[in-house]
A.B. asks: 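Supplied in structure tokens, the structure appears directly below.
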2 protein chains.
Amino acid sequence: MISSIAELISDRIGAMPAGERRAAQTLIANYPLTGLKTVAEFSAAAGVSSPTILRFVARLGFQNYPEFQSALQDELAAQLQSPASRTLDPGSAGGAVSPMLEATLDNMRETFRHLSDKQLADIAARLAERRGKTFLIGGRFTDPLARYMAAHLAIIQPDVYHLAGQESIWRDRLIDMGKRDVLVIFDIRRYQDSLVRFAEKAHHRGVQIILFTDQWLSPIARFARHVIAGRTAVPSAWDSSAALFVVAETLIGAVTRQLEAAGAKRIRDLESLR
Amino acid sequence: MISSIAELISDRIGAMPAGERRAAQTLIANYPLTGLKTVAEFSAAAGVSSPTILRFVARLGFQNYPEFQSALQDELAAQLQSPASRTLDPGSAGGAVSPMLEATLDNMRETFRHLSDKQLADIAARLAERRGKTFLIGGRFTDPLARYMAAHLAIIQPDVYHLAGQESIWRDRLIDMGKRDVLVIFDIRRYQDSLVRFAEKAHHRGVQIILFTDQWLSPIARFARHVIAGRTAVPSAWDSSAALFVVAETLIGAVTRQLEAAGAKRIRDLESLR
DNA sequence: GGAGCGCTGTATCTTATGTTACGTATTTTG
DNA sequence: CAAAATACGTAACATAAGATACAGCGCTCC
């Protein structure tokens, strides 16, 4: 059964021509606000012409544009009056989406529950104090997380390096690492031997290791100065790195805040270089 | 300090003549819906004449009725986009961590609220049906997401390619792309011209584009067959890609499920190769 | 490769919305 | 109690909004 206009749209969006689909996507993207504006504004936002908007509305079954707007307003009114209806009832979902989202949200809450503010502040402080270099590395599936963090950190401070490619390539970088340096490692099951060996060698050189891992803890935890254990279980064939991703973003934000003064100048300098 | 229009009204309602006060009360009674309707409807609801409504609006400091409506819409937009502001208790948080987590969780809920099961299923089906090749590419900060998704998809099906490095390198890959192929693009603010140009060219070659973007929609949405608009606002200097990350994981899970039979065999084959 | 169909945008028209002018009613003040 | 000022509604107006007709373009299918 189709109750809301949003559902109606996503039900029929597949059978729409390109222009009307753009209209639909624009409306859904910030629903329902765009639909409350004038046809001209709607069409401009979607990058199509006014008649396309009107055809789109007609395809949804409305006689004219005002009727469509009234329907949106009624829906909005119902929504605003009972905020409860916004927290979606579990029954309606049914599909494969909701369980995945719910599990992910739970994972994040759990991950942060086991993570004190102080711990995060300590790690952020360590990343922000620029005595030495910062290296980041990840495993097979978590390497993108290392890249993501490196991409941000490299903007607000110098000497940030993402270790990529062949194992032999990282190993050679060990020569540059010392006790003033920090190594951020992402490693979740199944833990990679190559990463463990690398971590061990770095540890022996006095490098401080910050480890992002799952709740079962990678063997690298043994060498790590700081360990962040994220929940990874979701109803999927794969483990989820989403909780670790959010921790990474939180740290990026915290480090940025600490380097505000120096960082802001650096960002301006970078902008002017582009 | 007066922030919302509702506060503004209740601040001045005492100094209003009878007719305008009725208008004010009617608006407050089911705020802000009545204000989004036409002057005629508003006046009918309040039991006064149209000019009274206009005088009421003028007294609030607006130049004309449309300006008043725009202000209401903006307010509504802010409210709908961050449900957090409606529930959040300032006391519990304190530290810098919790607001970030809360915002991220809200972003995810909001993102999925605008994303129907059917839409996700359609995209997953498109990714799972292996008529052609699958290409993934991302912007400056979102490229890791493309990598993450590519790393998973490449395991369960052949012909998955992540486009990395120089722009000139991707462009050369265009020659391999046709209408049977799918291009997954991640692009959030600030949108990259190079990516837009690339998307346009791919689109002209008939490639189906699946776009991950933010709620303001990258210009690439114009060329995209499917658009996923994730919420990115967090209390940080950076935008958050976490919501898009979770959508990506959800899709990976869905595609994996669809390819279960074929995929399981492929995974076993890969395992035996390691 | 060609013919047909369908989609989209430009330009025009019509509708209805917001706005203003003015006369009447009501309230307030001297 | 009278007179003035303010508030309100009716009606006419101008403007901007939505609707439509039509032509061009791209796409699909034969």
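Quantities reported herein were computed from a predicted structural model and do not represent experimental measurements. Naming convention: chains lettered A, B, ... in sequence-line order (proteins, then strands); numbering from 1 in each chain. Heavy-atom basis, side chains included; hydrogens, waters and symmetry copies ignored.
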A.B. asks: Are any of Thr38(A)'s side-chain N or O atoms less than 4.0 Å away from OP1 or OP2 of dA16(D)?
C.D. replies: no
A.B. asks: From the options dT8(C), dA21(C), dA11(C), select the nucleotide whose nearest atom is closest to the side chain of Pro51(A).
C.D. replies: dA11(C)
A.B. asks: To the side chain of Pro17(B), which of dT28(D), dC8(D), dA19(D) is closest?
C.D. replies: dC8(D)
A.B. asks: Nearest to the side chain of Asn64(B), which nucleotide is it out of dT19(C), dC8(D), dG9(C)?
C.D. replies: dT19(C)
A.B. asks: Measure the distance from CE on Met16(A) to P on dG6(C) and round it to the nearest whole Å.
C.D. replies: 18 Å
A.B. asks: Report the residue (Arg22(A) or Arg55(B)) whose heavy-atom-nearest nucleotide on DNA chain C is the more 5′ of the two.
C.D. replies: Arg22(A)
A.B. asks: In whole Å, what is the span from the CD atom of Glu41(A) to the P atom of dA17(D)?
C.D. replies: 7 Å
A.B. asks: Nearest to the Leu54(A) side chain among dG9(C), dG18(D), dT28(D), which nucleotide is it?
C.D. replies: dG18(D)
A.B. asks: Polar pairs (N or O, both sides) under 3.5 Å between protein and nucleotides 25-27 of chain C?
C.D. replies:
none

A.B. asks: Before accepting this row, confirm whether a basic side-chain N of the pair Arg189(B)/Asp239(B) lies closer than 4.0 Å to the acidic partner's carboxylate O.
C.D. replies: yes
A.B. asks: The criterion is side-chain hydrogen bond (donor to acceptor under 3.5 Å, both in side chains); which residues satisfy it with Arg147(A), sequence neighbours excluded?
C.D. replies: Asp143(A)
A.B. asks: Strictly by modelled atom types, are Arg222(B) and His203(B) linked by a side-chain donor-acceptor pair under 3.5 Å?
C.D. replies: no
A.B. asks: Without decimals, in angstroms, what is the distance between Glu20(A) CD and dG6(C) P?
C.D. replies: 14 Å
A.B. asks: Run the salt bridge (charged side-chain N to carboxylate O under 4.0 Å, His left out) check on Glu110(B) and Arg113(B) step by step: do they pass?
C.D. replies: CA-CA 5 Å; Glu110(B) 273 303 297; Arg113(B) 233 167 52 78; 3.0 Å; yes
A.B. asks: Classify the ring geometry of Phe245(A) against Phe245(B): parallel below 30°, tilted from 30° to 60°, perpendicular beyond 60°.
C.D. replies: parallel
A.B. asks: In whole angstroms, how far is the C1' atom of dA7(D) from the CZ atom of Phe56(B)?
C.D. replies: 16 Å
A.B. asks: Between Ile220(B) and Tyr191(B), is any pair of side-chain heavy atoms under 4.5 Å apart?
C.D. replies: no
A.B. asks: With Phe212(B), which of Thr142(B), Val184(B), Ile185(B) fulfils side-chain contact (heavy atoms from CB on, under 4.5 Å)?
C.D. replies: Val184(B)
A.B. asks: Can you tell me if Thr52(B) touches the phosphate of dG9(D), counting only side-chain N or O atoms and a distance under 4.0 Å to OP1 or OP2?
C.D. replies: yes
A.B. asks: Would you check, one step at a time, whether the test salt bridge (charged side-chain N to carboxylate O under 4.0 Å, His left out) holds for Asp122(B) with Arg126(B)?
C.D. replies: CA-CA 6 Å; Asp122(B) 285 350; Arg126(B) 188 65 192 85; over 6 Å; no
A.B. asks: Specify the separation, in whole Å, of atom NE2 of His204(B) and atom P of dC25(D).
C.D. replies: 15 Å
A.B. asks: Which is more 5' along DNA chain D, the nucleotide nearest Lys179(B) or the one nearest Gly19(B)? Just name the residue.
C.D. replies: Gly19(B)
A.B. asks: Can you sort out which residues in residues 65-73 of chain A have a heavy atom within less than 4.0 Å of DNA chain D? Ascending by number, please.
C.D. replies: Tyr65(A), Pro66(A)
A.B. asks: Determine, stepwise, if the pair Glu249(B) / Val234(A) fulfils side-chain contact (heavy atoms from CB on, under 4.5 Å).
C.D. replies: CA-CA 10 Å; Glu249(B) 280 196 338; Val234(A) 283; 5.5 Å; no
A.B. asks: Could you please name the option among dG9(D), dA7(D), dG18(C) that lies closest to any side-chain atom of Arg59(B)?
C.D. replies: dA7(D)
